[in-house]
Amino acid sequence: MSTIGAIYRRIPPSVAIVWLALCAALSLLLLQGKMPNGDFDDLMKLHEIRHLLQTGNPFDRTLTGIAQPEPMVSHWPWIVDAPYALLAAAIAPFIGTEAAVSIAAFVVPLLLLLVAMTLLFQVIREFEFEHPSAVLAVAAFAGLPSYAEFQPWRIDYHNLQMLILLGAALLTIRAGRVAAGLNGVLTALSTAISAEMAPFLILPASFYALAFIAEKKDAGKDLRAYGLALAAAGIVAFFVVVGPHAYASVACDRYSLLHVTALAATGTVLAGVSAVGIVGRWWTRSACLLAGACATAALLVFFFTQCAGGPLVGLSDYVRDNWLSRIDQERSAFLSPGFLSSDRFTRFFLAILGTAATCILAISSTTRQRAWVVLAGFSTVGLLMGLLYLRYFRFFPLFIGPGLALLIYQGLPARLALRRYFGIKSNDDVPGISVLAAPGVAIIAVLFVGHLVWPPRETKLLGIDIANACKKAGGDLHLVWPNDARLFAPPNIGIAVLGSPVEIDVVAVPFHTAAKGIERVLRFFDPATSDPARLLDETKATHVAVCRVEEKTLRPLEAQFPLASRLATGKPPDWLTECPVTGPLRIYRYPAASGPAGQCPVASQRAVGR
């Protein structure tokens, strides 16, 4: 209790107030059935946590219940599941495993949110605002598109990555060898979780390298501390995350020999150049760093050629075109038909204004310039990456609070007392409202005009779209399945069924390491497939599930997608038999799968699910 009390005393009251307000808002949204950033990865993570608790082996990432029939290996390391699994394991003896997992899924994101608010407050204090608590409230409100990642039951790994990004930004603003070393550790930890954050985490290394090239005071020591910590932490993370059986294997999409080699080589180069590059001119130091970067890249390409195509190199073109490229967050903003018309753009309106204002302040500010430049770097990378790849839009609102606060300060009339809450101690060099707001307004206008002049193409309709019309409805289907049942269904239905504590295997889930199962389901509903029953035999499927759709709705599409339309409207081919099940799905048994597994499921008396 003394430790908890000490932590509580170190949390500023404003942080606690903003945290409680966010907790209430996010919990209320959940009670209304709304998860702004929720997706199927939450269900996969829930399945992973259960798997970890059942096996007790953190290195076993081959998940049960997903039978393609090839093994399905998660690319997430066990450390992203650890906070939830540890809390669930601690309270499970008192309330049972399922209840313990549910509590962990609710509580842990909110605890991580408290850490995020504390880090954000520390970042805001670096800008010497007169009232940092008021700026924190603005930053939390404007950053809701990001902080929705900390909503209860939002248990994807992105909330952990956001803590690392806030920590990296804070440490980059603060100079010194200790901060640089800790930044190296955070970079290695983030890479061990996922290489997705690489565009952001290049920034700290770039700041240290540029300061070294410019021969700033103690810049060489900072670069050396960062490099040594990066290499050492990368090696330690390898043995923490990777099991002994996989030491020599190379995985492009998860932490493996490829990634530890990249971190160790990069860290060694940075530390080495900082030691030998103290003498000489700026171009000598630049040439040494460039030569080291090229040598590292050549080393990786030479020894790990199989990953030259990126982390998803194993996907077939068929899966890439008919599944991955159709997922909204995997698209560019310029290729997403519903981007401007959706609530996503509305949620990022303030963040775009704040990012542009932060960049103007980074250019014009004479006080706390390093802090403004660092924040502008992180938010700009997030915005640019988000425009190219929508999944990154969730990150850049983390950093727009200080810029938005000064935008409010300059926009409010001087006579209003509220205005003073958003000023900094030296307001003389803050540009006017028109200068701060103009770039953000211009970006928004360009996006609108661009979508009007060059509207993105509408997504081509596929057979699986008919079978998958009810999206997550499978999670509401409470059935008792026969022993050894294996469900052949669209990936979204598969993960919804798997995401509840029901003893059933599924062939496909919306996860790239389940690509072989996804391809079989796609081809099953593809009119070009001449023998779809062969895919049921190949996967040893016992049941097929599709969405229940009104016949009149599909009448115009029956000729184009005959199998999907027939199954959705209850007119199956003679090799499938419909089960007497009510609800959003139609379930068919496959008589050719002989034995008890081919029987129909029955309604459950016990509600399951989240």
Enquirer: Would you please test Leu585 and Cys470 for side chain to side chain contact (heavy atoms under 4.5 Å, CB included) and show each step?
Expert: CA-CA 8 Å; Leu585 298 183; Cys470 51; 3.4 Å; yes

Enquirer: Can the ring centres of Phe396 and Phe393 be said to be less than 6.0 Å apart?
Expert: yes

Enquirer: Phe238 vs Tyr247 aromatic rings, parallel, tilted or perpendicular, using cut-offs 30° and 60°?
Expert: tilted

Enquirer: Any ion pair linking Glu70 and Arg520 (charged N to carboxylate O, less than 4.0 Å)?
Expert: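 Here Arg520 pairs with Glu70 in a salt bridge, since their nearest N and O are under 4.0 Å apart.
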
Enquirer: Roughly how far, to the nearest 0.5 Å, is the OG atom of Ser190 from the CG atom of Leu163?
Expert: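 If I round to the nearest 0.5 Å, the distance is 11.0 Å.
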
Enquirer: Would you mind reporting whether Phe525 and Val546 have side-chain heavy atoms less than 4.5 Å apart?
Expert: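 The answer is yes; the side chains approach within 4.5 Å.
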
Enquirer: List for me each residue that meets disulfide (SG to SG under 2.5 Å) alongside Cys23, sequence neighbours excluded, and say none if there are none.
Expert: none

Enquirer: At what distance, to the nearest 0.5 angstrom, does OG1 of Thr191 lie from CG of Leu201?
Expert: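 Nearest 0.5 Å value for the OG1-CG distance: 6.5 Å.
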
Enquirer: Pair Thr513, Arg61 - check side-chain hydrogen bond (donor to acceptor under 3.5 Å, both in side chains), show working.
Expert: CA-CA 11 Å; Thr513 51; Arg61 308 308 288 167; over 6 Å; no

Enquirer: Are Leu46 and Trp153 side-chain neighbours, meaning at least one heavy-atom pair lies under 4.5 Å?
Expert: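 Result yes, sub-4.5 Å side-chain heavy-atom pair found.
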
Enquirer: Can you confirm whether more than 12 heavy atoms, excluding those of Arg548, are under 6.0 Å from its CZ atom?
Expert: yes

Enquirer: Suppose we screen for salt bridge (Lys or Arg N to Asp or Glu O under 4.0 Å). Which residues come up paired with Asp156, at least two apart in sequence or across chains?
Expert: Arg154

Enquirer: Provide the closest heavy-atom pair for Leu554 versus Ala568 in the form atom of the first, atom of the second, distance.
Expert: CD1-CB, 3.7 Å

Enquirer: Counting only heavy atoms from other residues, nucleotides and ligands, does the tally under 6.0 Å from CD of Gln32 exceed 12?
Expert: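 Correct, the count exceeds 12.
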
Enquirer: When you compare the side chain of Leu398 with that of Leu120, does any pair of heavy atoms fall below 4.5 Å?
Expert: no

Enquirer: Show your reasoning for whether side chain to side chain contact (heavy atoms under 4.5 Å, CB included) applies to Met162 and Leu112.
Expert: CA-CA 10 Å; Met162 287 180 176; Leu112 296 177; over 6 Å; no

Enquirer: What is the minimum heavy-atom distance between Leu30 and Phe106, and which atoms define it?
Expert: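 Closest approach of Leu30 to Phe106, heavy atoms only: CD2-CE1, 4.0 Å.
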
Enquirer: Taking all non-hydrogen atoms of both residues into account, name the closest pair between Arg50 and Leu498 and its distance.
Expert: NH1-O, 4.4 Å

Enquirer: Give me the ring orientation class for Phe511 and His75: parallel if the planes are under 30° apart, tilted from 30 to 60°, perpendicular past 60°.
Expert: tilted

Enquirer: Do Leu166 and Phe399 touch side chain to side chain, with heavy atoms closer than 4.5 Å?
Expert: yes

Enquirer: Side chains of Ser194 and Gln161: do they bring a donor and an acceptor to under 3.5 Å?
Expert: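 No, because no side-chain N or O of Ser194 sits under 3.5 Å from a partner of the opposite role on Gln161.
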
Enquirer: Is the count of non-hydrogen atoms from other residues, nucleotides or ligands lying under 6.0 Å from Asp484 atom CG greater than 12?
Expert: no

Enquirer: Apply the test side chain to side chain contact (heavy atoms under 4.5 Å, CB included) to residues Leu189 and Ile79: give CA-CA distance (whole Å), side-chain angles for both, the deciding distance (0.1 Å), then the verdict.
Expert: CA-CA 10 Å; Leu189 176 61; Ile79 53 178; 4.0 Å; yes

Enquirer: Looking only at the aromatic ring of each residue, does the gap between the centers of Trp19 and Phe121 stay below 6.0 angstrom?
Expert: no

Enquirer: Rounded to the nearest 0.5 Å, how far apart are CG of Leu186 and CE of Met197?
Expert: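 Going from CG on Leu186 over to CE on Met197, the span is 13.5 Å.
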
Enquirer: Of all the heavy-atom pairs spanning Phe40 and Pro510, show the shortest one and how long it is.
Expert: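 Closest approach of Phe40 to Pro510: CB-CG, 3.7 Å.
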
Enquirer: Looking at CD1 of Ile518 and CG of Leu324, how far apart are the two atoms once the value is rounded to the nearest 0.5 Å?
Expert: 9.0 Å

Enquirer: Compare all side-chain heavy atoms of Ile493 with those of Asn468 and state whether any distance is below 4.5 angstrom.
Expert: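 Of all side-chain heavy-atom pairs linking Asn468 with Ile493, at least one is under 4.5 Å.
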
Enquirer: Can you tell me which residue among Ile66, Ile49, Ile155, Asp39 is in a side-chain contact (heavy atoms from CB on, under 4.5 Å) with Met44?
Expert: Ile66

Enquirer: So do the side chains of His47 and Val509 get within less than 4.5 Å of each other, counting heavy atoms only?
Expert: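 They are not in side-chain contact.
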
Enquirer: Just say parallel, tilted or perpendicular for the rings of Phe200 and Phe378, cut-offs at 30° and 60°.
Expert: parallel

Enquirer: Check for a donor-acceptor pair, side chain of Thr542 on one end and backbone N or O of Arg486 on the other, with a separation under 3.5 Å.
Expert: yes

Enquirer: Verify, without hydrogens or angle tests, whether Tyr392 (side chain) and Val381 (backbone) share a donor-acceptor contact under 3.5 angstrom.
Expert: no

Enquirer: Can you see which heavy atom on Ile587 is nearest to which on Ala545, and at what distance?
Expert: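 Closest heavy-atom pair between Ile587 and Ala545: CD1-CB, 3.6 Å.
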
Enquirer: Do the side chain of His543 and the main chain of Gln599 share a donor and acceptor less than 3.5 angstrom apart?
Expert: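 Yes: the side chain of His543 pairs with the backbone of Gln599.
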
Enquirer: Is Arg254 close to Val241 at the side-chain level, that is, under 4.5 Å between some pair of heavy atoms?
Expert: no

Enquirer: Let me see the working for His51 and Asp81 under side chain to side chain contact (heavy atoms under 4.5 Å, CB included), right down to the final yes or no.
Expert: CA-CA 10 Å; His51 177 78; Asp81 300 333; over 6 Å; no

Enquirer: Counting C-beta onward and ignoring hydrogens, is there a side-chain heavy-atom pair between Leu110 and Val107 closer than 4.5 Å?
Expert: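 No, every pair of side-chain atoms sits at 4.5 Å or beyond.
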
Enquirer: Other residues, nucleotides and ligands only: do more than 12 of their heavy atoms fall within 6.0 Å of CZ on Phe141?
Expert: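 Open: at most 12 neighbouring heavy atoms sit under 6.0 Å from CZ of Phe141.
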
Enquirer: Which heavy atom of Leu387 sits nearest to which heavy atom of Ser332, and what is that distance?
Expert: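 The answer is O-OG, 2.9 Å.
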
